[in-house]
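Worksheet: one structure, shown below.
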2 protein chains.
Amino acid sequence: MARAIYDAATEVSGSPDAVPPSRADVAAATGLTRATVSTLVDHLVAARLVTELEPVSSQRAGRPAVPLVPARRTVVGLGLEVNVDYLGVRALDLAGDVVADHVEAGTFHDSDPAAVLARLGLLAADVVTRLEADGLRVAGARLALPGLVDARTGELEVAPNLGWSSVHPVELLGLGDLPVRVANEAKLAALAELAGDVPPSFLYVSGDVGIGAAIVVDRALFLAERGWNGEVGHVVVDPAGPRCSCGASGCLEQYAGKEAILRAAGLATEAPLDDLVAALAVPDGGTPGGRARSAVDRAGQALGSALADFVNLTGVSTVVLGGVYTELEPWLRAEITAGLGARVLAAPFAPVDVRAARAGQHAALTGGAREVLREVVADPAAWV
Amino acid sequence: MARAIYDAATEVSGSPDAVPPSRADVAAATGLTRATVSTLVDHLVAARLVTELEPVSSQRAGRPAVPLVPARRTVVGLGLEVNVDYLGVRALDLAGDVVADHVEAGTFHDSDPAAVLARLGLLAADVVTRLEADGLRVAGARLALPGLVDARTGELEVAPNLGWSSVHPVELLGLGDLPVRVANEAKLAALAELAGDVPPSFLYVSGDVGIGAAIVVDRALFLAERGWNGEVGHVVVDPAGPRCSCGASGCLEQYAGKEAILRAAGLATEAPLDDLVAALAVPDGGTPGGRARSAVDRAGQALGSALADFVNLTGVSTVVLGGVYTELEPWLRAEITAGLGARVLAAPFAPVDVRAARAGQHAALTGGAREVLREVVADPAAWV
DNA sequence: GGCGTTTTGTTGTACGAATGAACTATTACC
DNA sequence: GGTAATAGTTCATTCGTACAACAAAACGCC
């Protein structure tokens, strides 16, 4: 199984300081014999999925090992995304390097899916052309959309913030025979965290206009049935609370949605997040800081309650805060942790770990590209 | 892979009217060649995991097929359980027949784990002895407990209704080298539903003193990390609601726990469920019926809200009602369905299916035994 | 009633993946 | 320079499965 080989070879390279594994290391890690690993690795090297570095003397007796690393600039995965205020394309190679990155600002609220996706398709086709001219092979693409995507068919049922519904995005991209699959934006953003030292299973919660989430189990997305999980934005926080756009009352979104926080902080709902952060940074007592802090405190309390439900129901005990929560994490952390500690039943035995996301801007592009490469790695036979 | 063979052979036999598959059917279903299937099936027959029936003329041209069915009374799995008011042992064979069943009533509230488990171990050992004397092989056992069981270590962290904590149950059973694993009672009960025509993925919610739940995905338990999921009893229904034993307020258990329902219905908390059902059956208007119905209505509303969170977060769109909810389903259904329809975001695209459990009494015993057999089937090599 | 057709199951050869043991390559250490 | 240690390769063998041909057992039609 070539997958095990590649996993072993790449997983180690996840921690940047670790020394790349040799054929012998891979054999030890997988339980296969050195003979088997050797022939498989030779195939991967021939297919340019793995690169051999110069042998380095290890200060120990014995023949020096040949370090194996994921190949750079040979095979790439493409991440695509349309979101409310931007669209973009990003290409990653097996080493995790960004080899192409093109993000365009825009306002796609109530936009025309055909026109927007055609534009994104052009950008993507341009990137593909340039990469292929450089001899790189594009394995496929993942399109991230902020809405309800059917994981089986790839159809977008509805994306409220884009004003789209019942869209088949793959056809509208017009990318010919490049294999493109579609997923929810928060779910792909969650996968971008796997590049860091996150635990193998975690909940990813992304605050924005809506609140998206993903469940990652053993480094893979949990997508039961159609992948419509993680709708934490409409978990009950208080049935006596404010009315929500979904028809119910007291949903998390009414306390911890981006617009709800900004409004409670006394800022315009379109205000940039930096304004809120600036207000929070004012030493306490000041009116702007006070109001912003109480807004974020309230959001933190609501998040603590809703995320406790999330953790209690899924049994996953790490929560990664993405989207606007990443930057607000210092101010949210205490309330969230308190809420989780009080309401998560298993907390006494497995305390919940809350942390900020680390994937950086437009994480869904990175996560989508990674996901494509993961498929290549899972079945390298097609590339050998 | 012998697993595919066996799956194909047994899955069909799930629907009782279907004709058992032949080697050729299995080949068609798995994509393997008839030659491969034939040799694998021969091994399974030799190991007495599969039985060949008499060929039956199919009214069509061609050689009559040899029907293949799971073997009866050759290999069995053992289900064990300690619950608040009973303990028991049940043995199932590959055909799903109960070949041994021994349930003892008792009151194990605040009991001594060593004594209770020793008693259960004796019962189990007795069953094993009798079965082995008849030439049956016991593949292993699953112990169901109403508490927080670590899926990796098998340690019981806490079982409030038994008054147990930090127990290593396997050792206390004293079953020698019989492989025993431990799981939460509701989770094993959920697996018993797989004997029927339930969809491959569903949420199982079992009402009792506490409220247990399980997430079944593609006919297997979802057990991320330590398997501590499905704690739906403490999902927030109303933060202004009654105080809960967990320290928080307005948990589902305070509305839909067995004792909460009985109390709200004006019955003693130890009253048998039949009393409640009798009160519900009184034509409406009567005081007893009225009070019981409003109690169950309230429970249904709370369940609708909490299960909507459960469905929104897990994305699984079938809910099976177990425990006391099974019998109350006719009275709960309307409120639950209404709550789910209103709060589940994906409901317009994938309506949530609510149904009563069908596994019968002491479902965890059946589910545990099935789980043992599933492992045998997953890796029959050890038995060939 | 014989013979072709159809479907089921078996036999025999071939091939790919992995093993295990022996072998080569390259270093450190005494 | 010899020996031990570690890395990687070569080769005969095993195992699972595929492919193709064949045998078995029914139907149906002339």
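Convention: sequence-line order gives letters A, B, ...; per-chain numbering from 1.
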> If you check the B:R23 side chain, which of D:dG8, D:dT17, C:dG9 turns out closest?
Replying inline: C:dG9
> Between C:dG9, C:dA18, D:dA7, which one does the side chain of B:S22 approach most closely?
Replying inline: C:dG9
> Got a second to check how far B:N229's CG is from B:I215's CD1, nearest 0.5 Å?
Replying inline: 4.0 Å
> Rounded to the nearest 0.5 Å, how far does CG of B:L136 lie from CZ of B:R73?
Replying inline: 7.5 Å
Please state how far atom [atom1] in [X] lies from atom [atom2] in [N], giving the value in whole angstrom units.
X     : N      : atom1 : atom2 : answer
A:E54 : C:dT26 : CD    : P     : 13 Å
A:L32 : C:dT19 : CG    : P     : 5 Å
A:Q59 : D:dT6  : CD    : P     : 15 Å
B:E52 : C:dT8  : CD    : P     : 15 Å

>> Restricting to salt bridge (charged side-chain N to carboxylate O under 4.0 Å, His left out), what partner residues turn up for B:E193, sequence neighbours left out?
In response: none
> Excluding sequence neighbours, so at least two apart, what forms salt bridge (charged side-chain N to carboxylate O under 4.0 Å, His left out) with B:D218?
Replying inline: none
Between the protein and nucleotides 11-15 of chain D, are there any N/O to N/O pairs under 3.5 Å, and if so, what are the atom names and distances?
none

> Do A:T51 and A:R72 have side-chain atoms, one donor and one acceptor, less than 3.5 Å apart?
Replying inline: no
>> Side chains of A:D25 and A:S22 only: does a donor on one sit below 3.5 Å from an acceptor on the other?
In response: yes
Listed pairs, N/O of protein and of nucleotides 1-5 of chain D, under 3.5 Å:
residue: D:dA5; atom: N3; partner: A:G62; partner atom: N; Å: 3.2

>> So, OP1 or OP2 of D:dC19: does either fall under 4.0 Å of a side-chain N or O from B:T33?
In response: no
> So, is A:S57 close to the C:dA28 phosphate, meaning a side-chain N or O under 4.0 Å from OP1 or OP2?
Replying inline: yes
> Are B:D97 and B:L92 side-chain neighbours, meaning at least one heavy-atom pair lies under 4.5 Å?
Replying inline: no
> Is any side-chain N or O of B:R34 under 3.5 Å from a base N or O of C:dG9, one able to act as donor and the other as acceptor?
Replying inline: yes
> With sequence neighbours left out, what residues match B:E225 under side chain to side chain donor-acceptor pair (under 3.5 Å)?
Replying inline: A:S317
>> Using the side chain to side chain donor-acceptor pair (under 3.5 Å) criterion, which residues pair with B:D150? Sequence neighbours excluded.
In response: B:R226
> Taking for each residue the nucleotide of DNA chain C bearing the nearest heavy atom, is the 5' side occupied by B:D42 or by A:H43?
Replying inline: B:D42
> Reckon A:T39 touches a base, only the sugar-phosphate, or nothing at all at heavy-atom distances under 4.0 Å?
Replying inline: nothing
> Closest nucleotide of DNA chain D for A:R60 versus for B:R60: which of these residues is on the 5' side?
Replying inline: A:R60
